[in-house]
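Proteins come first, then strands; the chains are lettered A, B, ... in the order of their sequence lines, and each starts at number 1. Values reported hereafter were calculated over all heavy atoms of this structure, with side chains retained and with hydrogens, waters and symmetry mates removed.
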2 protein chains.
Amino acid sequence: MIIDGVLKEGDPLPSVRNVAVEYRVNPLTVLKGYQQLVDEGLVESKRGLGMFINAGTRNLLLKGERQRFLGEEWPRIYETIQRLGLTPEELLDGAPRRAPTNSASSKTAKSNAPDSDSEKER
Amino acid sequence: MIIDGVLKEGDPLPSVRNVAVEYRVNPLTVLKGYQQLVDEGLVESKRGLGMFINAGTRNLLLKGERQRFLGEEWPRIYETIQRLGLTPEELLDGAPRRAPTNSASSKTAKSNAPDSDSEKER
DNA sequence: AGCACTGTTATACTTAACTATAACACTATA
DNA sequence: TATAGTGTTATAGTTAAGTATAACAGTGCT
């Protein structure tokens, strides 16, 4: 949600108890997850108020996740694709479409540019 | 290994105890995994002899894994790729190379066509 | 002051997966 | 027949993750 810009920096994360209810999960479990974000310095916890997304978090997440994905996940995925002999066509078929044919997709927009700063440094 | 043709149909799987030692894992754990293959009808167990790969197993595996991958894994992976804004170039960079430039790759061959029957039905 | 939200801590319990050990059952082969 | 390989079963222990309950601690608003 942070990467997608649904949650912006400075915003509070959905409360521990709310998430617990929504996903039918123990509040402790949610807390533990949130604490990891605190430990990574991505989020700040304010007792009585909520947990707030730090400035710069989106870019850190983006960079970190990109690195993790390309370094750890993708190699195995690529290997699997080869092993199964899957073609680009097959892969692009079963993929969720963003826009039908499109040329300039902007209509559900407005503040549809959750970039503010950076986006090109990596 | 079955899909890759390292193990051919009719061959025995590496013995439960051997695998357990090689991967530093409890024999029971290996057995349980092997039993799943038996339950799926891919492998036959012969007490005192070993567990043998049934005929047709490679194709069943190929079909099954293709379906599972395209139906369950790939959609999430594709979504992640979009979310992270990864480009085809970035993806193809971190990927293991099969052959340098190649045009017709056959040299480490001989019985390098573990196809026998089918390969095109899906 | 009281209430309704936040995060946090403590204690004990449940569960699934895996481990450790040992024995049993079967087959081929020297 | 002995031996060294196979798969299989039984029993008990370990571990990590999640659960259940309850209470504690802080903030803002009426």
Legend entry - Partners meeting side chain to side chain contact (heavy atoms under 4.5 Å, CB included) with B/Tyr34 (sequence neighbours left out): B/Leu13, B/Pro14, B/Val16, B/Val19, B/Val30, B/Met51
Legend entry - Partner residues of A/Leu49 under the side chain to side chain contact (heavy atoms under 4.5 Å, CB included) criterion, sequence neighbours left out: A/Lys46, A/Phe52
Legend entry - Heavy-atom contact window of chain B on DNA chain C, given 5' to 3' at under 4.0 Å: C/dC18 to C/dA28
Legend entry - Minimum heavy-atom distance between A/Arg66 and B/Leu86, given as atom pair plus value: CD-CD2, 3.8 Å
Inset, instruction - Could you list the residues that satisfy side chain to side chain contact (heavy atoms under 4.5 Å, CB included) with A/Glu40, not counting sequence neighbours? - result: A/Gln36, A/Leu42
Inset, instruction - Within residues 30-53 of chain B, find the residues that approach DNA chain C with a heavy atom at under 4.0 Å, and present them sorted by residue number. - result: B/Arg47, B/Gly48, B/Leu49
Inset, instruction - Considering only Ile, Leu, Val, Met, Phe, Trp and Tyr, and joining two whenever side-chain heavy atoms are under 4.5 Å apart, list the other residues clustered with B/Val21. - result: none
Inset, instruction - Please list, chain by chain and in numerical order, all residues satisfying side-chain hydrogen bond (donor to acceptor under 3.5 Å, both in side chains) with B/Glu73, sequence neighbours excluded. - result: B/Arg68
Legend entry - A/Arg17 or A/Val25, whichever maps to the more 5' nucleotide of DNA chain D: A/Val25
Inset, instruction - Nearest whole angstrom, please: distance from the C1' of D/dA17 to the CG of A/Asn26. - result: 11 Å
Inset, instruction - Return the set of residues passing salt bridge (charged side-chain N to carboxylate O under 4.0 Å, His left out) with A/Arg47 (not counting sequence neighbours), or none when no residue passes. - result: none
Legend entry - N/O (side chain, B/Asn18) to phosphate O (OP1/OP2, D/dT6) under 4.0 Å: yes
Legend entry - By side chain to side chain contact (heavy atoms under 4.5 Å, CB included) - contacts of B/Asn18 (at least two apart): B/Ser15
